[in-house]
Amino acid sequence: MTLLLPWLVFPLLLAAICLGCGLAVARCSRTRIQPPLLLPVGFAAVVMIGLFTTLSPGTARLTLPSVLAVAAIGLASSVPRDLPRLDAWALGSAVAVFAVFAAPIVLSGEATFAGYIKLDDTATFLALADHALEHGRSLEGLAPSSHEAALAFNLHFYPLGSLLPLGMGSVLTGEDAAWLFQPFLAFLAALLALVLYQLASLVIASRPLRATAAVLGSQAALLYGYSLWGGVKELAAATLVALVAALTGVLFSSDRRGPAVVPLAVAGAALVGVLSVGAAAWLLPALAVAGFAYVRGGERRRALLLAGLAAALVIPSLTVARYVLGEGVLGSLRDSDELGNLVAPLSPLQLAGIWPVGDFRYRPDDITATYVLLGVAAFAAVVGIGVAVSRRAWEIALYAASALVAAGAFAVLGSPWLEAKAFAIGSPVIVFAAVVGCSALIGRGRRVEGIVALVAIAAGVLWSNALAYQEVNLAPRQQLAELERIGEEFAGAGPALMTEYQPYGVRHFLRRLDAEGASELRRRPVALRDGSTLAKGRFADLSAFRPADVLVYRTLVLRRSPVESRPPAPYRLVWSGSFYEVWQRGDAISGPALPCPGRPTLYPVSIGTSVRVTVASSGRYEVWVGGSFRGRLTTIVDGREVGSARHRLNYDGQYVSLGTVALESGSHTVELRRAGSRLRPGTGGRALPIGPLALTPVGRCGAAA
C-alpha cells in the first residue's frame with residue numbers, strides 16, 4: 001500500500017490535471033495541440049499558475065484551487081467529442097519510460113527516494129515545495145530553525161517552477177512530498193517521452209520506431225543519473241526544452257497569429273520558471289527563429305504581441321532574477337572551481353547520452369567500448385539531424401541547436417557544476433537524433449546497418465542505466481518515516497536539536513518542531529566544549545557539546561547508537577523507536593533518570609571475516625555496526641544467525657542495529673556476511689566503509705528496551 005499511492009494514484013491525478021490544463025490552453029488560444037503534447041503543455045500551465053499565485057503569501061494557498069479550476073474547465077469544455085485520441089504507441093512510450101525511472105525505487109520494495117548521502121539538495125527541495133504553497137516566498141511567522149535557515153538562504157532566489165507541482169501533489173494526496181519525489185521525477189521523464197514521440201513523428205513513419213526514439217532518448221544516461229541524484233530541475237527543464245522546440249512548428253507555418261503561439265509562450269515562460277535566467281541559453285534558438293519569422297513576414301505587430309505575452313508570463317521569474325544576477329549568487333555560478341558534488345568536471349562526451357558507469361562522475365571501466373558506442377551514436381545523430389533538415393522538420397534541428405548552444409554557453413561562462421547540469425538537460429538530444437538516423441537508414445534500404453547501429457545505441461543506453469540502477473543510493477524509508485512520525489506527534493514541542501547530520505530531519509520532517517542540526521544551517525549557537533562548532537556533515541556525541549547550548553532546546557531527537565551519551569539530567573525519555581529517541585525537559589516531564597553504563601568496546605570489523613568479542617556479564621546484547629553497506633548484511637554470533645538489515649546508508653558517526661542475542665559472559669565470535677542479488681537496486685558499486693562493531697546490554701541508553 002505504501003507504493004500504491006505515490007506510484008499509481010499520484011501520477012494518475014497529476015496526469016489528469018495536466019491534461020485538463022493542456023486542454024484549457026488549447027481552448028483559450030484556439031489552437032489544436034497535438035495529443036502527445038497536451039500533458040506537457042498542461043504541465044507548463046500548472047507551473048505558470050503556481051508561479052503567479054506564490055508571488056504573494058496572500059494568494060499562495062489559492063495555488064491548488066486555481067490549478068484544479070483551470071483543469072476542470074479544460075476537461076469540461078472538451079468532453080466528450082473534443083477529447084483527443086492519444087496514439088497507443090505514444091502512451092506506451094510514456095508508460096515504459098515511467099517504469100524505467102521507477103524501477104530503482106519500486107523494485108526495492110519501499111516507497112523511498114534516491115540520491116541519499118550523495119546529494120542532500122532534495123531535503124531543501126522538500127522544504128521549498130511545502131513552504132511555497134502556504135506562504136509563497138515569505139518567511140513571516142517562521143521560528144528560528146534549520147528549516148527556516150535553509151529557506152532564508154534559498155527562497156529569495158531559487159526558481160520554484162519544478163517544485164510547485166510536487167507540493168500540489170502532496171496536498172492532493174495527503175502524502176508527504178518525500179515519498180512523492182521520485183514518482184514525480186518519473187512522471188517528468190514520461191512527459192519528455194511524449195514530446196520526443198511527437199518530434200519523432202515529423203520524420204519517422206513507423207510508430208514502433210517513434211516509440212524507440214522516445215524511450216531511448218528519454219533515458220539518456222546522464223539524465224537518468226541525475227534522476228538518481230534528485231535532479232528535479234534537470235528533468236523538468238529537459239522536458240520543457242524539448243516542448244519549446246516541438247511547439248515552434250507554428251513559426252514555420254503561415255499561421256503565426258497571436259493566439260496560436262500561446263502554448264509556445266507558456267512553455268518558454270515555464271522553462272524560465274524552472275531555470276531562471278539560465279533558460280535564456282536554451283531559448284535563444286527559438287527566440288531567434290521567432291524574430292526572424294515575424295520580421296521577414298512583415299508581422300512586427302504580431303511579433304510585439306508575442307514579446308508582450310512572453311514578458312507578462314515571465315513576471316514571476318523576473319521578480320527573483322535580480323537576486324540571481326546579484327554578485328554573490330552569480331559569482332558562485334561562474335566560479336570555474338565550483339564543482340559542487342562532482343569530483344571533476346564532466347566529459348563533454350557525456351552529452352551523447354551513453355556513459356556505462358554506476359556513478360556518472362567517474363570514467364567508465366571499459367572506455368574502449370564506450371568510445372565505440374559514442375562514435376556510433378554521434379554518426380547516427382548527424383545522419384538524423386541531416387534527415388530532419390532535409391525534410392524541413394525544423395523543430396528537431398532547433399532542439400539539437402538548443403542543446404549545443406546551451407552546453408557551449410555554460411561550458412564557457414558557467415562553473416563545472418552548471419556545465420554538468422546543461423549536459424544532463426541536453427543529453428536526450430543525441431540519443432534521440434541517433435535513433436532518427438538509424439530509422440532513416442532502415443527506411444532507405446540499409447536495414448542491416450540501421451538495425452546494428454540501433455542495437456548498439458540501445459545497448460549503450462541500457463548498459464549505462466543498468467549500472468546506475470545497481471549503484472543507486474536509496475534513502476532509508478523506515479528511518480525517515482520514524483522522523484516523519486516524530487514530527488507529527490511532537491509538533492509544536494520545539495525548539496528541538498539533532499546531534500547527527502540529518503538534513504531530511506531538520507530541514508523537512510521535523511520542521512514543526514523548529515528543529516536544528518548541530519552541523520547544519522541554524523540560528524542558535526551549538527558549540528563544542530572547546531568553543532568550536534561542527535563542520536557540515538559531521539557528528540559529535542551529546543556530551544561533547546556545551547551543556548548551556550544544549551539546554552536551550554526543549555526537545556532532543558537523538559539517533560539510537562551504542563556511543564551516544566545520556567542527555568543532561570533535566571531531560572527524560574518520552575518516546576523511543578527503532579532508530580530514534582525523543583527526550584524532553586520541563587516540569588511536566590516526570591520519571592527517574594536512566595543510568596547509563598560505560599561506553600562499549602569498539603572492534604574493527606570487515607565483511608566476511610570473524611572477530612572475537614568479550615562481554616563482562618550474561619544477558620541480552622544488541623549488536624551494532626558502524627558505517628554503511630549495500631545488499632543484505634547478516635550477523636552471525638557463535639555460528640547462529642542473529643539478525644540482518646538491507647541497504648543501510650549512514651552519515652558520519654552513525655550505527656545500524658543488527659539484532660539482539662542472549663550471551664553468556666566471556667568470549668564470543670561475531671561474523672558479518674553480505675548477500676544481495678544483482679537484480680536488486682543499489683547492490684553494486686564501490687565498497688562502502690564499514691565498522692566498528694559494538695555490543696551493548698539491552699536496556700542501556702541508546703539500546704533496545
Side-chain angles (χ1 to χ4, degrees), residues 54-61 63 120-158 160 163 167 170-171 176-178 323 480 482-527 533-534 536 542 545-559 567-568 570-572 574-575 580-589:
T54 55
L55 271 178
S56 165
T59 58
R61 292 178 182 270
T63 302
D120 60 20
D121 288 5
T122 302
T124 301
F125 298 158
L126 298 175
L128 290 168
D130 280 325
H131 183 83
L133 287 191
E134 290 190 11
H135 308 285
R137 293 184 181 270
S138 171
L139 295 173
E140 185 177 354
L142 284 184
S145 66
S146 291
H147 173 74
E148 178 268 335
L151 291 176
F153 181 80
N154 292 281
L155 197 57
H156 64 289
F157 75 90
Y158 198 86
L160 298 176
L163 301 175
S170 180
V171 176
D176 193 283
Y323 295 104
L480 297 183
E482 200 164 282
L483 285 175
E484 181 185 10
R485 179 182 173 186
I486 293 170
E488 294 170 351
E489 292 191 14
F490 292 92
L497 174 68
M498 296 189 79
T499 55
E500 68 166 320
Y501 180 70
Q502 181 45 269
Y504 296 94
V506 294
R507 297 186 206 172
H508 179 62
F509 290 114
L510 303 183
R511 58 193 181 278
R512 295 186 179 89
L513 275 77
D514 302 327
E516 293 191 304
S519 58
E520 259 277 23
L521 282 172
R522 58 190 181 278
R523 298 303 190 187
R524 302 171 183 87
V526 187
T533 57
L534 284 180
K536 180 180 178 180
L542 190 64
F545 295 94
R546 292 193 306 206
D549 289 353
V550 174
L551 288 168
V552 169
Y553 296 92
R554 177 185 175 189
T555 301
L556 304 178
V557 181
L558 303 178
R559 180 78 176 269
Y571 291 94
R572 298 292 183 270
V574 297
W575 188 91
Y580 288 97
E581 294 177 341
V582 179
W583 297 71
Q584 287 188 326
R585 62 169 177 77
D587 296 337
I589 306 300

From CA spacing to verdict: side chain to side chain contact (heavy atoms under 4.5 Å, CB included), T533, R522: CA-CA 12 Å; T533 57; R522 58 190 181 278; 3.6 Å; yes

Point-to-point distance, once rounded to the nearest 0.5 Å, from CG of L480 to CD of Q502: 5.5 Å

From L497 atom CG to D549 atom CG, the distance as rounded to the nearest 0.5 Å: 9.5 Å

Any side-chain heavy-atom pair of L483 and M498 under 4.5 Å: yes

Heavy-atom side-chain contact between L556 and E581 under 4.5 Å: no

Spacing of L513 atom CG and I486 atom CD1 [to the nearest 0.5 Å]: 8.5 Å

For the student: nearest non-hydrogen atoms of A132 and A60, plus distance: O-CB, 3.5 Å

Within-4.5 Å side-chain heavy-atom neighbours: F490 and V557: no

Side-chain heavy atoms of L534 within contact of F545, under 4.5 Å: yes

Given E516, H508, R524, the one that forms side-chain contact (heavy atoms from CB on, under 4.5 Å) with S146: E516

Point-to-point distance, once rounded to the nearest 0.5 Å, from CD of E520 to OG of S145: 10.5 Å

Ring geometry between H131 and H147 (parallel below 30°, tilted from 30 to 60°, perpendicular above 60°): perpendicular

Side chains of Y158 and F125 in contact at under 4.5 Å (non-hydrogen atoms): yes

T555 side chain to Q584 side chain, donor-acceptor N/O pair below 3.5 angstrom: yes

Verdict with reasoning, R507 to D120, per side chain to side chain contact (heavy atoms under 4.5 Å, CB included): CA-CA 10 Å; R507 297 186 206 172; D120 60 20; 3.5 Å; yes

E488: salt bridge (charged side-chain N to carboxylate O under 4.0 Å, His left out) partners, not counting sequence neighbours: none

Side-chain (T59) to main-chain (S56) donor-acceptor, under 3.5 angstrom: yes

Note, T122 side chain near Y504 side chain (heavy atom, < 4.5 Å): yes

Contacts of R511 that satisfy salt bridge (charged side-chain N to carboxylate O under 4.0 Å, His left out) - sequence neighbours left out: D130

Y580 OH to W575 CH2 distance, which is reported to the nearest 0.5 Å: 10.0 Å

Among N154, L163, L521, the one residue meeting side-chain contact (heavy atoms from CB on, under 4.5 Å) with T124: N154

Exercise: identify the closest heavy-atom pair between R523 and A152: NH2-CB, 3.3 Å

Residues which pass side-chain hydrogen bond (donor to acceptor under 3.5 Å, both in side chains) with T63, listed by chain and number, not counting sequence neighbours: T53

Rounded distance [0.5 Å steps], CZ in R554 versus OH in Y571: 11.0 Å

V550 vs P567 side-chain heavy atoms within contact, under 4.5 Å: no

P144 versus E148, closest heavy-atom pair with distance: CA-OE1, 3.7 Å

Contact summary for A518 and V526, nearest pair of heavy atoms: CB-CG1, 4.2 Å

Any donor-acceptor N/O pair, R137 side chain to L155 backbone, under 3.5 Å: yes

